[in-house]
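The structure displayed is predicted, hence computed values, not measured ones.
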Amino acid sequence: MRSSLKQPRRFKRLAAIGGLAVALSFGTVSAAAGGVQVQEPSGPGLTADAPMVTSALLPDYDSEIVDQFNSANSVNHIRHLAVDIGPRLNGTPQEREGAEYIGGILKSYGFEVTLQQWGPVSTKRVAKVTSSNADLPGGPNWQMAASTSGKFTGDTGVKGQVVDAKTGQSAAEFPADTEGKIVLMDYSTTATVRNTAVVNAVNRGAIAVILAYPTGNSAPPSFTLTTPQPEIPVIGGGSAHSTWIRGLLAKGPLTLTIATNEYATPMGTNVIGIRHAVGDPTGTTAPIVMVGAHIDSVLGAPGAHDDASGNGVSLEVARVLSQYPLDKELRIGGFGGEEGGLLGAKAYVNTLTAAERARFVGEWQMDMVGTPYEPARLWALTPNGQSNYVVQEAYNAAARFGFDGLRNCRLGQSDHQAFYDAGIPSSLFIWLDYRPPTPPAVCGPTGGTYVTEPQYHKPTDTMDNISPERLQITLDVVGGAVAHNALNAVTVSALSDAGQPLAGAPVRADCGNGLRNLGTTGADGRLKAVFPHATCDFAVTVEGAVATERGVSISGDQTVKVTVDLTEPTISLTRPTGGAVYALGTATAASYRCEDNLSGVVTCVGTVPDGSPLDTSTVGFHEFTVNAADRAGNTASQKVTYQVVYPWDAYFPEEMSGKAGSAVPIKFSLGGDHGTGFFAPGYPASQPVTCDTGKPTGPAEPTKNPGNSGISYGGGQYNYVWKTDKSWSDTCRQLELKLDDGSSHFTTIRLK
Ligand code: BES
Ligand code: ZN
């Protein structure tokens, strides 16, 4: 029987510390077979020997990790990529710079970093535009298209003041001081109009020409001129560029430097960071958890949202996870050439061996993971529109911290497609105004349509197109899912010693850095939680009893069984046994043991210690009690009664005869002089019995001289003089000498 009501539990005591009710730690360790040992903390409150917790319990690892994700760190990475480096067109040095930056950060987190070159890709002709006298809107590094027909200046470029020549079609549009200046004009979609503008500018001594869309578009693609201009760079920008330049010119002189480069059939770059599993330093067996984002941006766009944001989240996930020893291999992919057709991701996937692919748990691709554009929502998009492991794990992570805004539907168009095509579970995570087919407002087999934010693929995809709040949600949902999968999945199974699952039992664990709350077991007695590579002590509480499983080495997905001792200890009492009789003053050692099936005995206390002499110093009945308790707090008690008697010797026969009315001497020994007060009250007494069977025929009555009269001691013997009654003639009577040690002695007399 459970004894929780019998004695106060010592384990579940709550101490109010700093206004928080804090469950104290589960006691000190006692190494014993069975492994489920808890010693009671001695006394109330905090003790020296028990590592008592004096602050709130730590959360589980899922929460601990998500709590550390800070989108401010992601924003800093995004700023470096989109502002300091700027547009990162595939095949340009900026794509590689992005890869090197990401690689450097990952190295600092202990990742093994590889820069993968792949390609070649198509020739890229780009202009880098900077200013020495103005803060350029949208960032200090503008990118425009460099015309094949213009001059490639190399990185030094040409520097000059800018004049605005509007459409550049008439002399009147050119300022008088055009000579030696950089000339801004509208980019016309008509090639002849474009060519006229450039020829006019060159004729007036322009040192460079910027053709920018008056409305609409981003940077124009690389363009040709019917009249080649080998002496000056001719570049094409978007409407944002013309608007910005004209805005700056309205405030005063503007100096720009234009550096044009032709990168002929360049190579693309991926950066891959690998953090090997603890037990698999060569990366041959451990499951692989991968996050990816693309480094490159489209021509002319800083790509803050698309997709510096994805890398910003990847790097923050890497930072937090790098603090934990893991049994899963973590890979961070920064892919180049996504905008050119998922080129980098495809090249990377092609390098994976079949064995490596088989190790993939999944790939969480982040592309555009936090625009402030209001209609955007967080989507998990898969090429077939179906949910998969990667999607489901993101939903689970969202549920863990109460975000219910995640939706799943169908889309390729990013690097997840390359993984999907290789049979690796993947999903695109994206903040997008995605519109599932209506009705119904759920994802159909063909998926839906979408509206991107206005800055998408534009020079205006700047830091203004980044929402720290939405990045944080992405960190928590996607990072939370990745972290959950990068850690070991541990099932704690709480069982009674009878093998029954224990539901609703609080589970805690200490993996060397403090006690954490893991929640309570479900109806099946199980609780699932994740752990890094660690050695942990587990504790399960049931009805206040704590069972622990100490020193569990966690090095993969596994189950930890914690058996809760709900059975009381057993007591085997060999001496005294119930009803045992001992002579007064004899030395007899108590003998008893307590045993417990599971948690072990902590208390086994008898009336005298095991092996010590029983109390035989006084005659009569004595109680002997043994109390036992096990480490789980179950108690048991056993009580017996033994008897201590005088060493008796009778010097009278069991049957005798005499004359009614005579005094009959009854001699006996009690092993010494015990005074005369040893008869039980009312004794000696006699009663009539039949002479042949000895059966009583009447009530017993005290003798005429009961108690201590008629008794004398001498020569080691007692002599009691029994005065018989004349009226008893021709009967038989039984005399009972009942003593204060609980014993009785008899003789029967036939009276004449
Ligand atoms: N970040 C986009 C993906 C995207 C954009 C998905 C908008 C949904 C809505 C990605 O960088 C991109 O632009 N992809 C290309 C396709 C790719 C295969 C060249 C696209 O969507 O045009
Ligand atoms: Zn993208």
Whether the N388 and Q392 side chains hold a donor-acceptor pair (N or O, under 3.5 Å, no angle test) is what I'd like checked. no
Between Y718 and D649, a side-chain donor and acceptor under 3.5 Å: no
So, the side chain of N517 versus the backbone of L57: is there a donor-acceptor pair under 3.5 Å, distance only? no
Can N485 and Y389 be counted as having a side-chain donor-acceptor contact under 3.5 angstrom? yes
List the atom of A636, the atom of P569, and the distance in Å for their closest heavy-atom pair. CB-O, 3.3 Å
Closest heavy-atom pair and its distance - G611, A589: O-CB, 3.6 Å
Are S493 and V560 packed together at the side-chain level, in the sense that at least one heavy-atom pair is separated by less than 4.5 angstrom? no
Step by step, work out the side-chain contact (heavy atoms from CB on, under 4.5 Å) result for D630 and V602. CA-CA 5 Å; D630 66 19; V602 287; 5.7 Å; no
For the backbone of T586 and the side chain of T616, can you confirm whether one donor and one acceptor N or O come within less than 3.5 Å of each other? yes
So P287 and F360, do their side chains get closer than 4.5 Å, heavy atoms only? no
Applying side-chain contact (heavy atoms from CB on, under 4.5 Å), run through K561 and L495 and close with a yes or a no. CA-CA 7 Å; K561 250 171 60 178; L495 298 168; 3.7 Å; yes
In short, T520 meets G504 closest at the heavy-atom pair CB-C, 3.9 Å
K704 with D725: basic N within carboxylate O range, under 4.0 Å: yes
Does this structure show an ion pair linking R359 with E329, if we count only N-O contacts that are shorter than 4.0 Å? yes
When the ring centroid of Y642 is compared with that of Y582, is the distance short of 6.0 Å? yes
Please test V552 against T535 for side-chain contact (heavy atoms from CB on, under 4.5 Å), starting from the C-alpha separation and ending with a verdict. CA-CA 5 Å; V552 181; T535 300; 6.0 Å; no
Mind running salt bridge (charged side-chain N to carboxylate O under 4.0 Å, His left out) on K328 and D280 for me, showing each step along the way? CA-CA 9 Å; K328 310 273 169 74; D280 183 26; over 6 Å; no
Least distance between heavy atoms, P696 atom then Q687 atom: CB-NE2, 3.5 Å
Within this structure, what is the OG1-CG distance for the pair T724 and L751, rounded to the nearest 0.5 Å? 5.5 Å
Reported SG-to-CZ distance for the pair C691 and R733, which is rounded to 0.5 angstrom: 11.5 Å
Please work out whether the ring planes of W648 and F652 are parallel, tilted or perpendicular, with thresholds of 30° and 60°. perpendicular
Is any NZ, NE, NH1 or NH2 atom of the basic residue among R516 and D60 found under 4.0 Å from an Asp or Glu carboxylate oxygen of the other? no
Just so I know, are the side chains of H276 and L326 near enough to count as touching, which here means a heavy-atom distance under 4.5 Å? no
Can you tell me if S387 uses its side chain to pair, donor with acceptor, with the backbone of V391 under 3.5 Å? no
Are the side chains of F746 and L735 in touch, meaning some heavy atoms are under 4.5 Å apart? no
Does any part of the side chain of V664, heavy atoms only, come nearer than 4.5 Å to the side chain of I749, both counted from C-beta? yes
Does any part of the side chain of F624, heavy atoms only, come nearer than 4.5 Å to the side chain of V608, both counted from C-beta? yes
L739 vs H745, test: side-chain contact (heavy atoms from CB on, under 4.5 Å). Steps then yes/no. CA-CA 8 Å; L739 309 185; H745 309 278; 3.8 Å; yes
Taking the side chain from Q643 and the backbone from D741, do they hold a donor-acceptor pair closer than 3.5 Å? yes
Starting at OG of S729, measure out to NZ of K659 and round the result to the nearest 0.5 Å. 9.5 Å
Verdict with supporting geometry, D730 and R750, salt bridge (charged side-chain N to carboxylate O under 4.0 Å, His left out): CA-CA 7 Å; D730 291 327; R750 183 184 293 268; over 6 Å; no
Whether the R526 and T521 side chains hold a donor-acceptor pair (N or O, under 3.5 Å, no angle test) is what I'd like checked. no
On a heavy-atom basis, the closest approach of V317 and G479 is CG2-CA, 3.6 Å
Interatomic distance, N705 atom CG to I711 atom CD1 [nearest 0.5 angstrom]: 9.5 Å
Can you find a heavy atom in the side chain of Y324 that is under 4.5 Å from one in the side chain of V278? no
If you measure only the distance, is there a donor-acceptor pair under 3.5 Å linking the side chains of T541 and R508? yes
Distance col, row T563:OG1 vs Q500:CD, nearest 0.5 angstrom, shows 12.0 Å
Say whether N627 and S637, considering side chains only, have a donor N or O and an acceptor N or O under 3.5 Å apart. yes
So, does D673 use its side chain to make a donor-acceptor pair with the main chain of G675 at under 3.5 Å? yes
Kindly compute the distance separating CG (L58) from OG (S63), expressed to the nearest 0.5 Å. 11.0 Å
Taking R275 for its side chain and S322 for its backbone only, find out whether a donor-acceptor pair lies under 3.5 Å. yes
For G551, does its backbone N or O pair with a side-chain atom of D537 as donor and acceptor, under 3.5 Å? yes
Quick one: does NZ or CZ of R550 land under 6.0 Å from the six-membered ring centre of F538, within 45 degrees of the ring axis? no
Pairwise side-chain contact, V689 with K695, heavy-atom cut-off 4.5 Å (strictly under): no
Verify whether the ring centers belonging to F668 and Y720 lie closer than 6.0 Å. no
Cut-off 3.5 Å, side chains only: do T567 and D497 have a donor facing an acceptor? yes
Nearest atoms (heavy-atom pairs only) where P576 meets L614: CD-CD2, 3.5 Å
Please check if the side chain of Q68 supplies one atom and the backbone of E64 the other of a donor-acceptor pair under 3.5 Å. yes
Could you verify whether a donor N or O on one side chain and an acceptor N or O on the other, from E736 and S744, lie under 3.5 Å apart? yes
I'd like to know if the side chain of S599 reaches the main chain of D596, judged simply by a donor and an acceptor atom lying under 3.5 Å from each other, with no hydrogens or angles considered. no
